[in-house]
> 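After the structure tokens below, expect a handful of questions from me.
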There are 4 protein chains.
Amino acid sequence: MKQRIIGPEAMPKLGMAPIRRRQLIDAAIMAIHDHGLADTTVSKIAARAGVSAGIVHHYFRDKDDLLFETMRFLLEDLRRTAVERLGQARTPVERVHAIIDSCLADEQFAPEVMAAWLALYGQAKHSPRLLRILSIYARRLRSDLANALKPVIGPERVKAAAEGTVAMIDGLWLQYALHGGPDDPEFPRRLTRAYVDSQIALGRA
Amino acid sequence: MKQRIIGPEAMPKLGMAPIRRRQLIDAAIMAIHDHGLADTTVSKIAARAGVSAGIVHHYFRDKDDLLFETMRFLLEDLRRTAVERLGQARTPVERVHAIIDSCLADEQFAPEVMAAWLALYGQAKHSPRLLRILSIYARRLRSDLANALKPVIGPERVKAAAEGTVAMIDGLWLQYALHGGPDDPEFPRRLTRAYVDSQIALGRA
Amino acid sequence: MKQRIIGPEAMPKLGMAPIRRRQLIDAAIMAIHDHGLADTTVSKIAARAGVSAGIVHHYFRDKDDLLFETMRFLLEDLRRTAVERLGQARTPVERVHAIIDSCLADEQFAPEVMAAWLALYGQAKHSPRLLRILSIYARRLRSDLANALKPVIGPERVKAAAEGTVAMIDGLWLQYALHGGPDDPEFPRRLTRAYVDSQIALGRA
Amino acid sequence: MKQRIIGPEAMPKLGMAPIRRRQLIDAAIMAIHDHGLADTTVSKIAARAGVSAGIVHHYFRDKDDLLFETMRFLLEDLRRTAVERLGQARTPVERVHAIIDSCLADEQFAPEVMAAWLALYGQAKHSPRLLRILSIYARRLRSDLANALKPVIGPERVKAAAEGTVAMIDGLWLQYALHGGPDDPEFPRRLTRAYVDSQIALGRA
DNA sequence: AATGAATGAGCCTTCATTCAT
DNA sequence: TATGAATGAAGGCTCATTCAT
């Protein structure tokens, strides 16, 4: 999170846009972690990225745009991980575990990431764009989970099981987001898998 | 928008402090819901309460103080409900249900309350005072839950069961906080109770 | 300066005006000493006097009025002392010494008094009322001094000697006002008397 | 009222700091003269300098910082003049006269400068930073004066003579600061030199 | 006479944004 | 591309003043 993409000594004039945008998004995540969303200013983000405040508006329409892109980055990063792991899963249960493991992956417990997600949650209701991408992500997660559970749980119980699993994932994550990451990051994953297993056992019967 | 909480006919000049403080706390909750914490200003809160912006500083040291008291009000309100319901519970399982039902009570799904809690969560990491009262509340909840589960679950499984239950409660609540309150507020309570029951069944064996 | 005129337990309803006014003037002097004129507020003055802020406007038109009366009090106090001492003086030289001794009397080196006088000086140019009473006082002082010197100094040198004496008085006082009262309050008086004596010696020749 | 110090044709965007700082210090002196320290606001200073109020905080930490730098400017300006004139003086008496002439130089009787010095005096007791630089200046002045007087006055009388001279300088200046600059700016210098001469005459004997 | 509640104006300061270089 | 200067709009907070009690 803190390594520089390229050194400050070599600044090619072309193709900087994606690099700078990514730099600024990283800086925004760090600034939110350091100061909280309410106290995150354009200047602080720019300082974190090692650039001047003015340049931010060359790469993003305005502050809101930068913050929106930051939130989208978080969501897409998570989605990418989930898709990757799902691609490697072979059985239904492996698919469920892939989802759990990507939602509760080690990276999701990085303090900067947790702070940014919490900020995203707090802000979503007051930003239609934010709410929209968050809802899309949430719908996909439920859909993936339901699809994975369908083969092993009776159709009338799938929805409740999926809801419960999402709740377990988010609830565990929230604890760590509020009170500090887990000593053993495997613990929440194990707990959630156990829940799913119990649901499958129940659903099969 | 600007209706007065208490009628204009009786405006006592003495002993206004508790009335005004409560008025302003209510207004703060509404303002957070309307604009989000980051865009909640003292003026907006005062307008919501139907008073001038200046008077806020007669009753609260500063904006942070008002917001802190608002958050504390939410926490104490929840705590009060939980203590009441626990007092009426007779069996261990009733005690567990009392906790679930107070955390997922209908009032907790009021849009204003959900918005304020989300804001509290997002802000806690950047306010020692906030984090402190939130941690106290979280510790009490876990303690209550563990005590209630102890008689019916083997000691080596109590902690995991309590953690799981808290996660289920928070996770379900979070879904509704983000995507709108439940159609049937009984549903999340039923789901959580089912989880606890399965844990008890597992724990007993 | 800090003793209460009357205790708070016995509050006669009649004839309070002069007492309260004097209390508030004393409190204003102390507040100016404590906080500086720029940071002296009505509330601070009222608190110093042990009354509520609102009551100040029963005894003074507004804050400016209170401060003006405070400054006038200082000037009249000094004038009263000078008149008293002049009345007891018998010879021309005694009259000059009386003026010196009243301007550099021990009371004039009280920290509260020095702070208030400095504030008066800084404010005078921006308050016509203040400048007026200050000028009257200054004119009287020069006049008294010239009259006292006339019998012992040639008329063509009286004015310069009076100017020099006033300068010596004010200059010495200013040092103490800025850097703390004199260890030996007799020292500045002696120095000024020596100056006058040298002027008389010169003037006589 | 709003004329720019430097022409509008050349507005360099780089290296504005020293120019703007000096502009703002000048504007602060004028604002203090116009309104008095208590009524000098950042907006008034900015308006005097022909810039927006916001920009003040680009060049000074806060209002206090600007006022402090303003006061320091006055002190350093005076000190610079004194050092220059002392450098040109050849004899002990010339050195004393150099000090007198710099303290009572024509520039010191400019209304804006006098108003700012008075404000400095009134504020010093309530600002440690201000008191500190004022004390340093005062100490240097006394030291310079004592050194200059040492060769021509017996050691046991040097201190009193220096004190008296400082008092004469400050006292005369104070008269003009309060009641308007001298018709003949040479007059106070002559009077002070006469005092010093009399002290030397006395000290030699 | 005295208080505390209440207001409204104004001040300092911050900050997103624009612009000339 | 990148910067720092500059602005203007708020925001938080203070405070003198008024008023009902």
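Scope of the values below: all heavy atoms of this structure, side chains included, with no hydrogens, waters or symmetry mates. Naming: A, B, ... by sequence-line order, numbering from 1 per chain.
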> Please list, by residue number, the residues of residues 62-70 of chain B whose heavy atoms come closer than 4.0 Å to an atom of DNA chain F; answer none if no residue qualifies.
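The answer is B:Asp62, B:Lys63.
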
> Please round to the nearest 0.5 Å and tell me the distance separating atom CE of B:Met30 and atom OG1 of B:Thr40.
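It comes to 11.5 Å.
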
> Using the side-chain heavy atoms of C:Ile55, tell me which of these nucleotides is nearest: E:dA1, F:dT17, F:dA6.
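Of the candidates, E:dA1 comes closest.
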
> For D:Ala46 and D:Val56, work out which heavy atoms get closest and say how close.
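Smallest interatomic distance, heavy atoms only, reads CB-CG2, 4.1 Å.
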
> Would you mind telling me which residue lines up with the more 5' stretch of DNA chain E, D:Lys44 or B:Gly54, judged by nearest nucleotide?
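Whichever sits nearer the 5' end wins; that is B:Gly54.
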
> Nearest to the side chain of B:Met16 - E:dT3, F:dA2, E:dA5?
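The nucleotide sitting nearest to the side chain is E:dA5.
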
> Can you tell me how far apart NE2 (B:His35) and CZ (B:Arg48) are? Round to the nearest 0.5 Å.
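Going from the NE2 atom of B:His35 to the CZ atom of B:Arg48 covers 7.0 Å.
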
> Measure NE2/A:His57 against P/E:dC15 and give the value in whole Å, please.
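After rounding, the gap between these two atoms is 14 Å.
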
> For B:Phe60 and F:dG12, give me the distance from atom CZ to atom P, rounded to whole Å.
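Atom-to-atom, B:Phe60 to F:dG12, this comes out as 15 Å.
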
> With a 4.0 Å cut-off on heavy atoms, is D:Tyr59 in touch with a base, just the backbone sugar-phosphate, or nothing at all?
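Sugar-phosphate contact only - D:Tyr59 comes under 4.0 Å of backbone atoms but never of a base.
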
> Let me know the distance between CD1 of D:Ile45 and C1' of E:dC11, rounded to the nearest Å.
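In whole Å, E:dC11 C1' and D:Ile45 CD1 are 12 Å from each other.
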
> Would D:Val42 and D:His57 satisfy side chain to side chain contact (heavy atoms under 4.5 Å, CB included), going step by step from the backbone distance to the final call?
CA-CA 10 Å; D:Val42 170; D:His57 296 86; 4.2 Å; yes

> What residue among D:Leu66, D:Ile29, D:Leu130 forms side-chain contact (heavy atoms from CB on, under 4.5 Å) with D:Met71?
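Only one of D:Leu66, D:Ile29, D:Leu130 forms a side-chain contact (heavy atoms from CB on, under 4.5 Å) with D:Met71, namely D:Leu130.
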
> Would you name the heavy atoms of D:Leu118 and C:Tyr121 that are closest together and state the gap between them?
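For D:Leu118 and C:Tyr121, the tightest heavy-atom pair comes out as CD1-O, 3.5 Å.
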
> One pair to check against side chain to side chain contact (heavy atoms under 4.5 Å, CB included): A:Leu37 and A:Leu67. What are the steps and the verdict?
CA-CA 9 Å; A:Leu37 182 62; A:Leu67 292 178; 4.0 Å; yes

> Rounded to whole angstrom units, what separation is found between the CG atom of B:Leu24 and the P atom of F:dC13?
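From B:Leu24 CG to F:dC13 P: 14 Å.
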
> With DNA chain F as reference, determine whether B:Ala53 or C:Thr40 sits nearer its 5' end, using the nearest nucleotide of each.
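Its nearest nucleotide lies further toward 5', so the answer is B:Ala53.
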
> In whole Å, what is the span from the NE2 atom of B:His58 to the P atom of F:dC15?
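B:His58 atom NE2 is separated from F:dC15 atom P by 12 Å.
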
> Stem ranges for DNA chain F, with three or more consecutive Watson-Crick or G-U pairs under 3.5 Å?
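So far as stems of 3 or more pairs are concerned, DNA chain F shows E:2-21 with F:2-21.
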
> Identify the heavy atoms of C:Arg129 and C:Asp65 that sit nearest to each other, and give their distance.
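The pair with the smallest heavy-atom distance is NH2-OD1, 3.5 Å.
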
> Quick one: CG on C:Leu74 to CH2 on C:Trp117, what's the gap to the nearest 0.5 Å?
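C:Leu74 CG to C:Trp117 CH2: 6.0 Å, rounded to 0.5 Å.
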
> Between C:Val56 and A:Thr41, which residue's closest nucleotide on DNA chain E lies nearer the 5′ terminus?
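It is C:Val56, whose closest nucleotide lies nearer the 5' terminus.
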
> Mind calculating the distance between CG (B:Leu37) and C1' (F:dG12) to the nearest angstrom?
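For the pair B:Leu37 CG and F:dG12 C1', the rounded distance is 15 Å.
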
> In this structure, how many angstroms lie between the P atom of F:dC15 and the CG atom of D:Asp39, rounded?
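Those two atoms, CG and P, are 14 Å apart.
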
> Can you measure B:Arg20 atom CZ to E:dT7 atom C1' for me and round it to whole angstrom units?
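So the CZ-C1' distance, B:Arg20 to E:dT7, works out to 12 Å.
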
